[in-house]
Visitor: 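Below is the structure I would like to discuss, written out as structure tokens.
Every heavy atom of this structure was used, including side-chain atoms; hydrogens, water molecules and symmetry mates were not. Chain naming here is simple, since letters A, B, ... match the order of the sequence lines and numbering starts at 1 in each. Computed from a predicted structure; not experimentally measured.
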Number of protein chains: 2
Amino acid sequence: MEHLDETDKTILRILQQDAKVTTKELAGRLGLTISPVYERIKRLESLGYIRQYVAVLNKDLLSQPITTFCQVSMRYHDKAFIEKFEEEIQKLEEVQECYHMAGEVDFLLKINIGSLPEYHDFVRNKLSKIENIGTLNSTFVLKEIKHTTGYHIA
Amino acid sequence: MEHLDETDKTILRILQQDAKVTTKELAGRLGLTISPVYERIKRLESLGYIRQYVAVLNKDLLSQPITTFCQVSMRYHDKAFIEKFEEEIQKLEEVQECYHMAGEVDFLLKINIGSLPEYHDFVRNKLSKIENIGTLNSTFVLKEIKHTTGYHIA
DNA sequence: AGTGAAACTCGCCGTCC
DNA sequence: GGACGGCGAGTTTCACT
């Protein structure tokens, strides 16, 4: 893996805010022509710095206004059980993020859903159906204060 | 707010996976020509269903391999203190997400950072500097099991 | 709401420095 | 590593349905 120069970093900073910016526009801001900027973007893509380009939607308009964080602890910690859990979580479309955590709780899930009854149904009929789950502890988001998809690029 | 038909939903589902898909490609999949698809996308953008288009980067390659969740409780809950906290959090680029929570803990922060010493420095010299913070409780992500930016579109 | 085509701009590639 | 130029492809708009 090679090092990124300042031009690369500027390109990444801009693209993670606005993926629709044209190469021409980027070139203008960088004081370059289209070609080198085009080549740099392709390089950043193929080296894996850019994972994908996505549209970020408005969850409130999509009838998914409720967000909860659910802490999951497993009953037993056999490798097979853990892997099974991770596999099942991938299939649940309500689960947007899932992390294996250090500490008392095994997994932290971020879940988007439309209403409290739906959440009840989700926990009862989907999440709790996964084998070997010990305890569940859900806390609800009252307000989203900050939510970016970008990273701080040093 | 008007209702979305199935064509709109299909467009949103595809765009939140891949923002670079061409209108022509979309039109092909939907069995339509380019124009109506183009008009629908513009409509979805102006109605706010699509908030932005972004490049999702690889945090491991950006020297930000560590993710932590930090639970923050305030000492007092005066409106002014809370608003000051929310304002200060916006300025911290290490904080990718911040939620005001129901329950015992006031805020949940998702933080990306390069190393444990950097995290120590962040907590000590940036986070703890914000007025009126009571307790902090950080838990570390061992592994990201699932992380999508998309929502389930019913 | 959708079709089809025209006009314009940009992305992409080769060549040269 | 960057500049320049040309062709193909995508975007945007419009007249018609």
Visitor: To the nearest angstrom, how far is B:Arg40 atom CZ from D:dT11 atom C1'?
Guide: 19 Å

Visitor: Side-chain donor or acceptor of B:Ser35 under 3.5 Å from a matching atom on the base of C:dG4?
Guide: yes

Visitor: Could you walk me through whether A:Phe69 and B:Tyr99 pass the ring-ring contact (aromatic ring centres under 6.0 Å, His included) check?
Guide: CA-CA 10 Å; A:Phe69 281 88; B:Tyr99 303 94; 5.3 Å; yes

Visitor: Assign the ring pair A:Phe107 / A:Phe85 to parallel, tilted or perpendicular, where the plane angle (0 to 90°) is split at 30° and 60°.
Guide: tilted

Visitor: From the list D:dT13, C:dC12, D:dG2, which nucleotide is the closest neighbour of the side chain of B:Glu39?
Guide: D:dT13

Visitor: Specify the separation, in whole Å, of atom CD1 of A:Ile41 and atom P of D:dG1.
Guide: 16 Å

Visitor: Between D:dT12, C:dA1, D:dG2, which one does the side chain of A:Thr33 approach most closely?
Guide: D:dG2

Visitor: Round to the nearest Å and state the distance from B:Leu30 atom CG to C:dA1 atom C1'.
Guide: 14 Å

Visitor: Can a side chain N or O of B:Arg43 be found less than 4.0 Å away from OP1 or OP2 on C:dA1?
Guide: no

Visitor: Return the CZ to CD distance between A:Arg51 and A:Gln16, rounded to the nearest 0.5 Å.
Guide: 12.0 Å

Visitor: Quick one: which protein N/O atoms are closer than 3.5 Å to N/O atoms of nucleotides 9-11 of chain C? Pair and distance per line, please.
Guide:
{"unit_1": "C:dC10", "atom_1": "OP2", "unit_2": "A:Lys24", "atom_2": "NZ", "d": "2.8"}
{"unit_1": "C:dG11", "atom_1": "OP1", "unit_2": "A:Thr23", "atom_2": "N", "d": "2.9"}
{"unit_1": "C:dG11", "atom_1": "OP1", "unit_2": "A:Thr23", "atom_2": "OG1", "d": "3.3"}

Visitor: Applying side-chain contact (heavy atoms from CB on, under 4.5 Å) between A:Val95 and each of A:Leu109, A:Asn112, A:Ile113, A:Leu127, report the one that passes.
Guide: A:Leu109

Visitor: Distance-only, no hydrogens or angles: does the B:Lys146 side chain make a donor-acceptor pair with backbone N or O of A:Gln90 under 3.5 Å?
Guide: yes

Visitor: For B:Tyr53 and A:Tyr53: C-alpha separation, side-chain torsions, deciding distance, then whether ring-ring contact (aromatic ring centres under 6.0 Å, His included) applies.
Guide: CA-CA 7 Å; B:Tyr53 296 95; A:Tyr53 297 96; over 10 Å; no

